[in-house]
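Below: the structure, in structure tokens.
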2 protein chains.
Amino acid sequence: MTQPSDLTPTPVSAIAAAHKVREVSSHSHALVKDLRRLAHEAGAYRKLGRIWLEGDHLARALLARGGRPQICVVGASAWLQPNWRELALAAPEVVVIADNLLPEISSLESPAPLGFLIAAPAARVPTQSGVNTLVLDRLQDPGNVGTLLRSAAALGVKQVLAMKGTAALWSPKVLRAGMGAHFALHLVEGVEVNELDTLDLPLLATSSHAEQSLHEVRLPQPCAWVLGHEGQGVAEAVMRRCALTVRIPQPGGEESLNVAAAAAICLYESARQALTG
Amino acid sequence: MTQPSDLTPTPVSAIAAAHKVREVSSHSHALVKDLRRLAHEAGAYRKLGRIWLEGDHLARALLARGGRPQICVVGASAWLQPNWRELALAAPEVVVIADNLLPEISSLESPAPLGFLIAAPAARVPTQSGVNTLVLDRLQDPGNVGTLLRSAAALGVKQVLAMKGTAALWSPKVLRAGMGAHFALHLVEGVEVNELDTLDLPLLATSSHAEQSLHEVRLPQPCAWVLGHEGQGVAEAVMRRCALTVRIPQPGGEESLNVAAAAAICLYESARQALTG
């Protein structure tokens, strides 16, 4: 229980003094140029080595998972408001930016007044073996990819592997759809097919041609579910490595499911079986 | 088995002669103006009484479900190609449009060379009672709504009710995400809260506060699953009418699910229980 004395607010001036705070108002400032690219180019974080988390939801989700921002970028008006200022001061360095620059460093229709810059992960993160995994085989739509990460984090997946050719996981659109799930997962990008062999996990995929229906099969635990390209499905070389393919029961007939809906169903069924033993 | 003689192609000139075919090349033509609105305004179909199905996927999905186009609009170049012409001639009236007009009547980055106009449903379609139903309570995102329709059609839902304030079901974006599911469902828009009482079905909703977990409950069959607004969830007046609320098990912790992912899970669990008896 926090004691009342702990709630005595530290004067904002005192906190700010402990931080590096600077003001930026020029369109041509190097940081503004970088933010513009990060907000508008899906893969810019790979070149610039930084990820732009726009908005308080992503910023708070990072902090809640123990993540560390490098820099907070906050609009000048928001900087004057205690709640935004408090969030901004979670970063060791604060850049107070002219409000008129916010739209150009935003990927949103209504630009957020605050965002965090964090360090991009190393170009090559090692995979983990033996943990519940989701493999994204060249998924293209950033909304689908973000939704998949969100479902994965909620339903007990620990690791997501994005095969080469998958949408950039840390792009603004995927981050937005992911709603903070990124910070709860071990994410590996640029995975090659033969690396799947080192996972020490059975790979599972859905196929409308599979004989067995998802709900009739005892699913291996842990496992790696593979979800494929929106149009082409799972690549042949990946499908060959799958220990099991199942079809999702479709009592409504031969409709197809959106890939993120299919993934939610598969991950739920794995979780359900794990819970019911 | 189709006999070879059935495959002898009817000369295209003969088919075309049986149809009303006209050419349009002016930006200011009344039909082009209507198509422009239908392609770009989500609710224009309600005012114009027509729905624009852009692209061969939706056109073929309509035909596969026995739907009838009023008019096919086809680009002049595509009209010269037998496969497009054959699809175009499924409509009793064909409008061959100058290729340079295609981008302005399209909601896609790459405009499709063909689309169908169909009659919009009556302003008020009666609800059906006693059939598996999905209730959309003010969902806003057209991609989510389309994905939900697609999951509903695949997983055995017969009817979708869109409460007042839900994204327009027949808008181009919802149609695109729905991938033809529209034609497999009984769709009712503009539903008021008190109409839910006439469904003769138990209403079910998810809630993170619910005591029972989805996978532990015997779900009523048939039922009406209610999915709520992306930010606000299910409205209080609707929630009060729910016979049962359940939480989706989230072994990964307190993440939230995208509404279309949550819906896929709920509809799958209903289908699974119906299949396993």
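The chains referred to below are lettered A, B, ... by the order of the sequence lines, with proteins before strands, and numbering in each begins at 1.
A distance of 14.0 Å separates CD1 in I248(B) from CZ in R272(A), rounded to the nearest 0.5 Å. A distance of 12.0 Å separates CG of N258(A) from CG of L149(B), quoted to the nearest 0.5 Å. In this structure, the separation between CD on E269(A) and NE2 on H215(B) is 10.5 Å, given to the nearest 0.5 Å. Going from atom CG of L214(A) over to atom CG of L275(B) covers 11.0 Å, rounded to the nearest 0.5 Å.
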>> Between T147(A) and T147(B), is the side chain to side chain contact (heavy atoms under 4.5 Å, CB included) condition met? List the steps.
In response: CA-CA 12 Å; T147(A) 299; T147(B) 299; over 6 Å; no

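Around the CD atom of E86(A), the shell of radius 6.0 Å holds no more than 12 heavy atoms that belong to other residues, nucleotides or ligands.
For the set L257(B), L185(B), L267(B), the entry with the most heavy-atom pairs within less than 4.5 Å of chain A is L257(B). Annotation: maximal heavy-atom pairing with chain B below 4.5 Å, among A271(A), A152(A), G156(A), occurs at G156(A).
The shortest heavy-atom contact between S256(A) and R150(B) is OG-NH2, 2.9 Å.
In this structure, the portion of A184(B) lying under 4.5 Å from any heavy atom of chain A is its side chain and not its backbone.
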